[in-house]
Amino acid sequence: MNTQQTLQLTKIKNYAFQQLHRDTTGHSIDHLERVVCLVKKMAAHYDVDLFIAISAAYLHDVIDDKLFGDPIQQQTNLSNFLRKIGLSSQQIQEIINIITSMSFAHNLEQQSCLNLTGQIVQDADWLDAIGAIGITRAIYFGGAHHEKIYDPAIPVRHNLTRDSYRNLADETILNHFHEKLFLIKDKLNTPYAKQIAAKRHQFMHTFYTEFMAEWNATK
Ligand code: ADP
Ligand code: NI
């Protein structure tokens with residue numbers, strides 16, 4: 001990365017932090033930093049555009065429809081900002097392409113065609129949704145959205161669309177394990193991410209099984 005890109009990345013990081021530092025649903029600065037850290041680790045193993053990958057990692061939640069009331073406006077603001085700090089139209093387009101198509105919700109109805117740079121950003125984001133941190137984020141998100149912890153009368157939803165996935169009226173935190181968390185390991189793009197996911201996946205199963213044992217033992 002050249003000096004100009006290093007300076008631009010500092011500005012991008014500040015922009016993302018300013019947009020998301022107030023988040024209390026699991027998408028705050030600590031999430032962004034973990035995604036960036038994983039992206040850097042993966043980038044050492046794959047031939048990707050490091051500047052685009054780190055920029056997209058910082059910015060991936062800045063235009064999210066579940067976090068912002070007007071995601072189109074967020075995208076316009078982001079493009080304007082990136083232009084102002086000197087990114088080319090092509091770089092802006094590459095970043096926007098990645099962050100608008102990498103989300104789990106987006107991928108429910110069609111698998112996005114991400115290039116390798118986009119794929120490692122997606123893998124990094126999805127890895128942060130599983131394991132001990134993933135469980136904690138799901139509980140935190142569910143609490144913020146007034147979900148029940150668990151209700152055996154509420155069935156796990158299958159064949160979710162983007163809209164039904166975002167409808168939290170009949171969602172429980174424990175059902176979210178089946179609707180997203182347990183599915184991630186097989187949806188990851190790179191062997192590197194799949195290797196990290198194996199242990200995290202196993203830990204979530206152990207947690208889930210223990211939860212159900214405790215739940216059923218107190219009936
Ligand atoms: P994406 O932006 O990739 O579609 P999600 O919205 O699925 O991502 O997830 C962002 C974070 O919020 C993840 O850690 C995820 O597990 C959590 N999350 C999303 N939906 C729910 C839900 N209904 N209940 C609990 N946690 C959720
Ligand atoms: Ni994210």
Side-chain angles (χ1 to χ4, degrees), residues 1-2 5-6 8-9 11-13 15-17 19-20 26-27 29 31-68 71-72 74-83 85-131 133-134 137 160-162 165-166 180-181 183-197 200:
M1 240 182 312
N2 60 38
Q5 289 179 327
T6 306
Q8 286 169 332
L9 266 185
K11 291 178 184 165
I12 287 170
K13 175 180 169 176
Y15 182 88
F17 284 7
Q19 295 286 315
L20 286 160
H27 304 83
I29 292 174
H31 168 59
L32 302 184
E33 284 186 326
R34 283 190 301 274
V35 176
V36 169
C37 178
L38 278 166
V39 159
K40 285 181 183 166
K41 283 188 182 167
M42 276 189 262
H45 297 264
Y46 297 100
D47 182 20
V48 298
D49 184 329
L50 189 59
F51 174 72
I52 296 293
I54 297 177
S55 301
Y58 276 127
L59 296 169
H60 77 276
D61 278 330
V62 158
I63 55 149
D64 195 317
D65 61 340
K66 71 179 176 297
L67 303 176
F68 296 96
I72 308 278
Q74 284 293 114
Q75 191 173 315
T76 307
N77 295 349
L78 175 60
S79 299
N80 291 342
F81 161 74
L82 294 175
R83 198 170 308 111
I85 66 167
L87 271 71
S88 69
S89 302
Q90 196 197 328
Q91 287 175 314
I92 297 172
Q93 201 49 55
E94 269 188 70
I95 293 169
I96 298 281
N97 280 349
I98 293 172
I99 68 177
T100 50
S101 57
M102 62 179 264
S103 79
F104 188 80
H106 184 91
N107 278 263
L108 285 166
E109 286 167 75
Q110 82 243 41
Q111 212 201 334
S112 46
C113 354
L114 292 165
N115 61 18
L116 190 55
T117 301
Q119 287 179 10
I120 70 156
V121 183
Q122 184 178 59
D123 279 359
D125 186 37
W126 288 5
L127 281 174
D128 203 49
I130 61 173
I133 288 178
R137 291 181 68 218
L160 287 164
T161 61
R162 188 190 175 104
Y165 177 71
R166 285 276 179 256
K180 174 178 181 183
L181 308 188
L183 309 180
I184 285 187
K185 129 179 128 53
D186 293 326
K187 286 179 179 263
L188 293 165
N189 303 292
T190 61
Y192 186 91
K194 284 182 185 173
Q195 203 185 336
I196 296 177
R200 297 185 184 196

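Numbers for residues simply follow the sequence, beginning at 1.
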Would a 4.5 Å heavy-atom cut-off, applied to side chains only, mark [X] and [Y] as touching?
X	Y	result
L188	L127	yes
C37	K41	yes
S55	L9	yes
L59	Y15	yes
L78	Q74	no
R166	D65	yes

Rounded to the nearest 0.5 Å, what separation is found between the [atom1] atom of [X] and the [atom2] atom of [Y]?
X	Y	atom1	atom2	result
D49	I54	CG	CD1	9.5 Å
L67	H27	CG	NE2	5.0 Å
Q111	H106	CD	NE2	10.5 Å
K180	W126	NZ	CH2	8.0 Å
I130	R137	CD1	CZ	11.5 Å
T100	Q75	OG1	CD	6.0 Å

(request) Let me see the working for E33 and F17 under side chain to side chain contact (heavy atoms under 4.5 Å, CB included), right down to the final yes or no. (result) CA-CA 10 Å; E33 284 186 326; F17 284 7; 3.6 Å; yes

Quick check: closest heavy atoms across [X] and [Y], and the distance to 0.1 Å?
X	Y	value
I120	A53	CD1-CB, 4.3 Å
V35	A57	CG1-CB, 3.9 Å
S101	S112	O-OG, 2.9 Å
A129	L181	O-CD2, 3.2 Å

Ignoring hydrogens and angles, tell me if any N or O in the side chain of [X] forms a donor-acceptor pair with the backbone of [Y] under 3.5 Å.
X	Y	result
E109	R162	yes
S103	I99	no
Y46	Y192	yes
D123	N189	yes

(request) Starting from the C-alpha separation in whole Å, work towards a yes-or-no answer on side chain to side chain contact (heavy atoms under 4.5 Å, CB included) for N107 and Q122. (result) CA-CA 11 Å; N107 278 263; Q122 184 178 59; 3.3 Å; yes

(request) Please step through side chain to side chain contact (heavy atoms under 4.5 Å, CB included) for the pair L20 and Y58, ending with a clear verdict. (result) CA-CA 10 Å; L20 286 160; Y58 276 127; over 6 Å; no

(request) State whether the number of non-hydrogen atoms from other residues, nucleotides or ligands found under 6.0 Å of K194 atom NZ is greater than 12. (result)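 Enclosed.
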
(message) Is it true that, when you exclude N80 itself, more than 12 heavy atoms of the residues, nucleotides or ligands shown sit nearer than 6.0 Å to its CG?
(response)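 Atom CG in N80 is packed in, count exceeds 12.
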
(message) Using side chain to side chain contact (heavy atoms under 4.5 Å, CB included), reason through I196 and L38 one step at a time and then give a plain yes or no.
(response) CA-CA 10 Å; I196 296 177; L38 278 166; 4.1 Å; yes

For residues 85-95, which side-chain donor-acceptor pairs fall under 3.5 Å, sequence neighbours excluded?
{"from": "S88", "atom 1": "OG", "to": "Q91", "atom 2": "N", "distance (Å)": "3.1"}
{"from": "Q91", "atom 1": "OE1", "to": "S88", "atom 2": "N", "distance (Å)": "3.0"}
{"from": "Q93", "atom 1": "NE2", "to": "N97", "atom 2": "OD1", "distance (Å)": "3.2"}

(message) Checking D125 against H60: is there a side-chain donor and acceptor pair closer than 3.5 Å?
(response)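 On atom types as modelled, these side chains qualify, holding a pair under 3.5 Å.
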
